[in-house]
Amino acid sequence: GPQIGTFAASSFPKPGQTGNDWSWVQVSSGNTQPATVYGWGKGDATVHGSTAAGVGAAICRSGRTTGWHCGSIVALNQTVTYSSGETILNLTRTTACSEGGDSGGSFLTTVGQAQGVLSGGSGSCVGKHRSSRSYFQPLLPILSAYGLTLKTG
């Protein structure tokens, strides 16, 4: 697609190291981004705020590979070591399925509170025995780390 901005900054540890998984893009002048999350044909979701949800909350996620999937928050402040050796801190575990290529996709509650971005997971979004653990990096620490403000509608 067309370029809408430029890469500004990121954090991701090297194999054997520990850290956060996040990045951001500076939107170029002349481009405006809506305060919505793409719904992959199921209706886009308006972002109303960024109140962090707790264990048991219903959440949905948008991803390039598998589209729109929902689940619930299972655990907070999780540490995950990926098979490639990177250890990611402070992730939130959910039951929303995800697959490779969905990383960086948005998570939000069913009432439009932005929660974070997909870091990784395991499982599958296909078949009648779908199962998954997906982990997102919570949004508020990302906004704080870079001095960013969430666009809401």
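Nothing here was measured: the structure is a model prediction, and the numbers come from that model.
- Side chain of E86 to main chain of V80: no donor-acceptor pair is present (N/O by atom type, distance under 3.5 Å, no hydrogens or angles).
- When hydrophobic clusters are built by joining Ile, Leu, Val, Met, Phe, Trp and Tyr residues whose side-chain heavy atoms come closer than 4.5 Å, directly or via intermediates, W24 is grouped together with V117.
- Following chains of ILVMFWY side-chain contacts shorter than 4.5 Å, one cannot reach F107 starting from L148, and the two form parts of different hydrophobic clusters.
- Using a cut-off of 4.0 Å between Lys/Arg side-chain N and Asp/Glu carboxylate O, R61 and D102 are scored as salt-bridged.
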Exercise. Would E99 and T66 count as a side chain to side chain donor-acceptor pair (under 3.5 Å) if you check the C-alpha gap in whole Å, the side-chain angles of each, and the deciding distance to 0.1 Å?
Worked result: CA-CA 7 Å; E99 295 181 12; T66 63; over 6 Å; no
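- Side-chain atoms of S132 come within 3.5 Å of backbone atoms of S122 as a donor-acceptor pair (strictly under, hydrogens ignored).
- You'll find the side chain of V37 reaches within 4.5 Å of the side chain of W68, heavy atoms only.
- The two residues S84 and P15 have their closest heavy-atom pair at O-CB, 3.4 Å.
- Defined by atom type and a distance below 3.5 Å, a donor-acceptor pair is present between the side-chain atoms of S134 and T94.
- Between the T92 side chain and the L76 main chain, no donor and acceptor come within less than 3.5 Å of each other.
- Closest non-hydrogen pair, C97 versus S124, comes out as CB-O, 3.7 Å.
- Side-chain contact, Q26 with T6: no donor N or O sits under 3.5 Å from an acceptor N or O.
- For the 3.5 Å distance criterion, the side chains of W22 and Y146 qualify, holding a donor opposite an acceptor.
- Residues H48 and T152 fail the side-chain proximity criterion, which asks for heavy atoms closer than 4.5 Å.
- Here the straight-line distance linking atom CG of N20 with atom OG of S119 works out to 9.5 Å at 0.5 Å rounding.
- Defined by atom type and a distance below 3.5 Å, a donor-acceptor pair is present between the side-chain atoms of T81 and T87.
- For the residue pair T36/D44, the side-chain donor-acceptor check at 3.5 Å is not satisfied.
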Exercise. Going through the checks in order, is the side chain to side chain contact (heavy atoms under 4.5 Å, CB included) test met by K151 and V47?
Worked result: CA-CA 8 Å; K151 184 171 183 177; V47 175; over 6 Å; no
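- Put simply, the side chain of L150 reaches to within 4.5 Å of the side chain of L143, judged on heavy atoms.
- Heavy atoms only, all atoms of each residue included: P13 and G19 are closest at CG-N, 3.7 Å.
- Note on V111 and F136: separate hydrophobic clusters, where clusters join Ile, Leu, Val, Met, Phe, Trp and Tyr whose side-chain heavy atoms are under 4.5 Å apart, directly or indirectly.
- The aromatic rings of F12 and Y82 sit parallel to each other, their planes meeting at less than 30°, with 60° as the upper class boundary.
- Tested against S50 for a side-chain contact (heavy atoms from CB on, under 4.5 Å), the candidates L108, L139, T149 yield a single pass: L139.
- Checked by atom type and distance alone, the side chain of Q78 never pairs as donor or acceptor with a backbone atom of R93 at under 3.5 Å.
- With contacts defined as side-chain heavy-atom distances shorter than 4.5 Å, the pair Q137/I142 qualifies.
- Q115 places a side-chain N or O within 3.5 Å of a backbone atom of Q113 that can act as its donor or acceptor partner.
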